[in-house]
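What's counted below: heavy atoms across the whole structure, side chains too, no hydrogens, waters or symmetry copies. First the proteins, then the strands, lettered A, B, ... as listed; each starts at 1.
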Amino acid sequence: MSPAHVESGRSIWDRRRSPEKARYHQLPPMASSYDHRAIEAKWQSRWQETGLYRVALDRVPRPYYNLMMFPYPSAEGLHVGNMFAFSGADAHGRFQRMQGFDVFEPIGFDAFGIHSENFALKIGRHPTELIATNVARFRGQLEKLGAQFDWSKTVDTTDPAYYRWTQWLFLTLWKGGFAYRARRNVKWCPQDLTVLADEQVLADSTCERCGALVTERELEQWFLRITAFTERLLANLSGLDWSESTKLLQRHWIGRSQGALLDFPIDDADPLRVFSTRPDTIFGATFMVLAPDHPRTLELTAPERLAEVAAFVAEAARRRIAGQREDENSTRGVALGRDARNPLTGARIPLYTAEYVLSGYGTGAIMAVPAHDQRDHAFAVQYHLAVVEVVSGRDGSGAHVGSGVLVNSAQFDGLGAPDPAREVITAALVEAGFGTPHVTYKLRDWGISRQRYWGPPIPAIHCPNCGVVPVPEEDLPVLLPYIEDFRPLGTGESPLARDPDFLNTTCPNCGGPAKRDTDVSDTFLDSSWYYLRYPSADRDDVPFDRELTRKWLPVTYYDGGNEHAVLHLLYSRFVTMALQQLGFLDFEEPFTQFRAHGMIVMGGAKMSKSRGNVVVPDEYISRFGADAFRLYLLYLGPYQESGNFIDTGINGPYRFVSQLLRLLDRVNAGGVELPESRELARARHRCIRRVTLDTPELKYNTAIAAMMIFVKRLREHEGPIPKVAMETLALLLAPYCPHLAEEIWERLGGDYSVHQQKWPVADESLIADEQVVVVVCINGKKRDQLVVAAGTDASELERQALALPRIQQWLDGKLVRRVVVVPDRQVNLVLTG
RNA sequence: GCCGGGGUGGCGUAAUGGUAGCCGCAGCGGUCUUAAAAACCGCAGUCCCAACGGACGUGUGGGUUCGACUCCCACCCCCGGCACCA
């Protein structure tokens, strides 16, 4: 699922030798006393032996499904971004566990897909063996991180035991009416002779692998009818507890526009239908534009213009296929030589075809209102077409897109535009039989066919007699055959077409010879349902158990990156809705809560091989330990904000964890329990409060800062450390540094495991200060301060402030016009002059 | 172009409208050491001043307020998403 073509990072030790990069990577030698390797190994094996993170899914009373986006196991291993995300998600899960929830925290591998396949092609190894190696390496890395993963329930999308059910999902959607076949264009690289995913095409329409100009090719493909749920996908968003940024991205992607379909009469032809969100500007429609590939473009061309228009249409098609987008300032188009008529006035409106109108949106034709639309305006200027202002407020020569009052609009003059004029004119058009209110969306059906090798074969059979028939469920999985030469064929067919044993089969319907569909499905189909699989991962009789699903889903909390805000999360929502409608699920939204984490960047840039700033986490972990590394990542900045910066800062968290163990030596363990001083109690409860408030809000950085403050306070403390101080620290630290927290807890004599303890509660009555510093300002500038008992009343504060010698000097000869007192905070004296 | 999110010391960041810079990194000085590292203690926004102290300071310019990093208006820059979507 990870987007990531993350490439191999150079060793951080190599980089130390490179002077200009050294500032990111000055890793200090280790301190002596803290043996993180021993501590972390000890607890990881203890956790495993005792099954601490295995959840009895069918029995536990307070289920909490803590999900994080599963990684794509690249050849380079987990990168820092993965570690950051998993550390944050795990801290969340551990915190919830200590609130008393039974937290199920699974992880798996999203291992199919074009990235793996391309990488395998590049290095000349087979993806089957490559992925096995990568998964093993990922698993090792994940275990070292010390997250509370339940490894008894894991998934690997390339495992036939998993993709059997991905194929089942496809069949279920198909039978339920959510899958269909259609011809559509796919991106095609003429040099690599292969189909590309959209994201493999760069902004300049070149292939990301070879740089060739990408073209299009029309192929028959499978689509999933996500548009069946467009309105629901949009409407449900407002009720979901998701990061607002994520919801906004989905709203934009769905792209709802409300308007009307309008019919413009044409002499001696059927009317031309357009979609407009601004019917109120219809009196300003001075021309109309059809997309070059609109089905009626040639039909509506005057005979004497036909040759020129046909040539233009052909040229536009060539440019479109070649992926050559017009540059912004030029607006190519040509007149058709015929007119439509304004349905309200009968006025003639010339027809054009132009590339700026797209066939795929609305009706593929528009009424152009150059006075109030920038693109129409640009076209009008270029072809010297009339510009008629119909909404007041236009200044200068551009398009006025804003609001105003209707002018030049006959009986509608004076109405506010767009509203209420939009309603009124639409009603008039509807009344006259020229319009219908209408909503359009940008969302398109989901094409899932991939003419590639590394994915689950689509379980369909093409029979010359029966047509396209589904593979019977009992014949699943349709195994992906091991093909030595898995290079793309160059015909637009999948490499599977090379394998006659795979290709040739019999029709399950008539028993006659038939051929398998040789395409594989989109990797997003694999990940669209994996959260349903986890609780039932060990079941081979069903994709997901009904009871377990009822108990554990929808997912309580989902943590992931906003790079998947649209595709993965939208597809998952669609699949859930479809399965609900088909009676397989009792809910229609899969993720109750979703939080988007930020992105780790370095030197202001995304990590990438070309920038040479990819950091390999293993060396950090082996040198400083997973605990310090987790702490470091979460301490960098606010977890949910994009643009976290990574620097040399691991020293701080590493010192912090080392200091904890030294503090531990100062505890009077075993002997007399020390009473806690008022001062230490205050510091401790302040720390509890801060960490308790900040952790569930994902403000990990400030929670960690609060613990550092408390530790600093303890280090300054002379004499033995009260045991309760370290106990509290062990508990608060458990979500962040799970190994060290266990170690401290054990050495204090606590029962295994610290992760099964209850979270401490802050006592507010112990937190308040007895003495406070009250700042004395003159005209808002600090001039002196008072130290007084907390709660000293305003008049007393004012009296004391005015009595301060330094303040007296400032008052010299001036009149105090006003005094503003903020109790326990500030006294502000406002002087005249 | 449109839509988000951001601009605070050398760096990452922190601040219910009430002492801007907490916490940490890097840096500098010291203690310890034969030495170095580690550890520990201290200094540290900029400018002026010997010092006391003062002026300036949260992207820029305005505004509201006794008081603005915080609220309002306009603009600039960075990051991310979408992009002839009618």
Side-chain angles (χ1 to χ4, degrees), chain A residues 23-24 26 28-33 203 244-246 248-249 251-253 255-257 259 274-278 281 289 291 325-328 331 354-358 360-369 372-376 378-379 401 440-442 562-563 565-566 598-599 601 603-606 631-632 635-638 640-653 655-656 658-659 662 699 701-709 711-712 715-716 773-785 806 817-831:
Chain A
R23 66 196 154 99
Y24 299 124
Q26 283 164 1
M30 283 180 300
S32 45
S33 61
E244 282 303 321
S245 59
T246 313
L248 202 63
L249 288 168
R251 286 198 183 98
H252 286 333
W253 188 262
R256 183 184 204 270
S257 310
V274 302
F275 174 73
S276 174
T277 55
R278 294 294 303 275
T281 62
V289 187
R325 292 268 298 283
E326 221 178 338
D327 55 68
E328 303 251 325
T331 308
E355 290 181 317
Y356 82 92
V357 173
L358 309 176
Y361 185 80
T363 65
I366 62 159
M367 66 173 202
V369 185
H372 305 289
D373 181 281
Q374 282 179 7
R375 296 150 304 174
D376 297 343
F379 192 83
V401 194
T440 60
Y441 304 90
K442 290 193 224 173
N562 251 349
E563 67 271 21
V566 173
M599 191 176 37
V601 299
K606 245 182 195 168
L631 208 56
Y632 162 51
Y635 185 62
L636 280 176
Q640 293 182 88
E641 261 168 47
S642 61
N644 288 292
F645 284 75
I646 195 166
D647 63 358
T648 54
I650 193 166
N651 289 334
R655 275 180 203 133
F656 172 75
S658 312
Q659 285 161 355
R662 267 180 262 130
K699 294 178 184 167
N701 54 331
T702 49
I704 293 165
M707 290 188 275
M708 287 176 166
I709 290 168
V711 164
K712 194 178 194 178
R715 292 199 298 124
E716 287 161 3
V773 174
V774 172
V775 173
V776 182
C777 298
I778 290 173
N779 290 336
K781 284 190 203 298
K782 181 190 168 183
R783 294 303 178 193
D784 204 348
Q785 61 184 39
R806 205 179 288 163
R817 206 180 46 173
R818 189 174 162 190
V819 181
V820 181
V821 180
V822 184
D824 290 351
R825 289 277 192 180
Q826 191 184 64
V827 176
N828 191 17
L829 305 172
V830 185
L831 306 189

A.B. asks: Which of parallel (below 30°), tilted (30 to 60°) and perpendicular (above 60°) describes A/Tyr356 and A/Phe379?
C.D. replies: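 Aromatic pair A/Tyr356/A/Phe379 classed tilted.
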A.B. asks: Choose from B/C25, B/A86, B/C3 the nucleotide whose nearest atom is closest to any side-chain atom of A/Asn651.
C.D. replies: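 The answer is B/C25.
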A.B. asks: Polar atom pairs between nucleotides 51-58 of chain B and protein, under 3.5 Å, N or O only, would you list them?
C.D. replies:
| unit_1 | atom_1 | unit_2 | atom_2 | d |
| --- | --- | --- | --- | --- |
| B/A55 | OP1 | A/Arg783 | NH2 | 3.3 |
| B/A55 | OP2 | A/Arg783 | NH1 | 3.2 |

A.B. asks: Taking the same atom, C1', in B/U64 and in B/C73, what whole-Å distance lies between them?
C.D. replies: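 One C1' to the other, the span is 11 Å.
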A.B. asks: Determine which nucleotide pairs with B/U46, using a 3.5 Å limit on both distances of a Watson-Crick or G-U wobble pair.
C.D. replies: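 B/U46 is paired, partner B/A55.
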A.B. asks: So, is A/Tyr635 close to the B/G24 phosphate, meaning a side-chain N or O under 4.0 Å from OP1 or OP2?
C.D. replies: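 A/Tyr635 to B/G24 OP1/OP2: no side-chain N or O under 4.0 Å.
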A.B. asks: Is there a side-chain contact between A/Lys712 and A/Glu716, using heavy atoms and a 4.5 Å cut-off?
C.D. replies: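 Side chain of A/Lys712 against side chain of A/Glu716, heavy atoms only: contact under 4.5 Å found.
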A.B. asks: Can you tell which of B/C82, B/C40, B/A86 lies closest to the side chain of A/Ser276?
C.D. replies: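 Of all the options, the side chain of A/Ser276 is nearest to B/A86.
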A.B. asks: Go through B/C3, B/A39, B/C23 for me and flag the one nearest to the A/Arg662 side chain.
C.D. replies: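 Nearest to the side chain of A/Arg662 among the choices is B/A39.
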A.B. asks: Determine the Euclidean distance between corresponding C1' atoms of B/C78 and B/A26; express it in Å to zero decimal places.
C.D. replies: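 Roughly 24 Å separates the two C1' atoms.
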A.B. asks: Quick check on B/G9: syn or anti? Syn means the glycosidic torsion is within 90 degrees of zero.
C.D. replies: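 Syn, since the glycosidic angle lies within 90° of 0.
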A.B. asks: In whole angstrom, give me the gap between the C1' atoms of B/U46 and B/G10.
C.D. replies: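 Per the computed distance, 13 Å lies between those C1' atoms.
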A.B. asks: Using the P atoms only, state how far B/C82 lies from B/C28, rounded to an integer number of Å.
C.D. replies: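 These two P atoms come out 45 Å apart once rounded.
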A.B. asks: Distance check, C1' atoms only: B/G12 and B/C75, in whole angstrom units.
C.D. replies: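 It works out to 28 Å between them.
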A.B. asks: Only pairs with both distances under 3.5 Å count, Watson-Crick or wobble alike; so what is the partner of B/U8 in this structure?
C.D. replies: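 B/U8 is unpaired by these criteria.
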A.B. asks: From the set B/G67, B/G4, B/C3, return the single nucleotide nearest to any side-chain atom of A/Asn828.
C.D. replies: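 It is B/G67.
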A.B. asks: Which nucleotide, if any, forms a Watson-Crick or G-U wobble pair with B/C66, using both distances under 3.5 Å?
C.D. replies: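 Pairing partner, where one exists within any strand: B/G18.
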A.B. asks: Suppose you measure atom P in B/C56 against the same atom in B/A39; what distance do you get, rounded to whole Å?
C.D. replies: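 Here B/C56 and B/A39 have their P atoms 41 Å from each other.
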A.B. asks: Under the 3.5 angstrom rule, does the side chain of A/Asp784 hit a backbone N or O of A/Val776 as a donor-acceptor pair?
C.D. replies: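 The answer is no, because no donor-acceptor pair under 3.5 Å joins these two groups.
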A.B. asks: Would you indicate, yes or no, if B/C40 has its OP1 or OP2 atom less than 4.0 angstrom from a side-chain nitrogen or oxygen of A/Arg715?
C.D. replies: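 For B/C40, OP1/OP2 do have a side-chain N/O of A/Arg715 under 4.0 Å.
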A.B. asks: Between B/A15 and B/U58, how many Å separate the two C1' atoms, rounded to a whole number?
C.D. replies: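 The same atom, C1', in both gives a distance of 11 Å.
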A.B. asks: Between B/C84 and B/C2, how far apart are the two P atoms, rounded to whole Å?
C.D. replies: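 Going atom to atom, P in each nucleotide, I get 15 Å.
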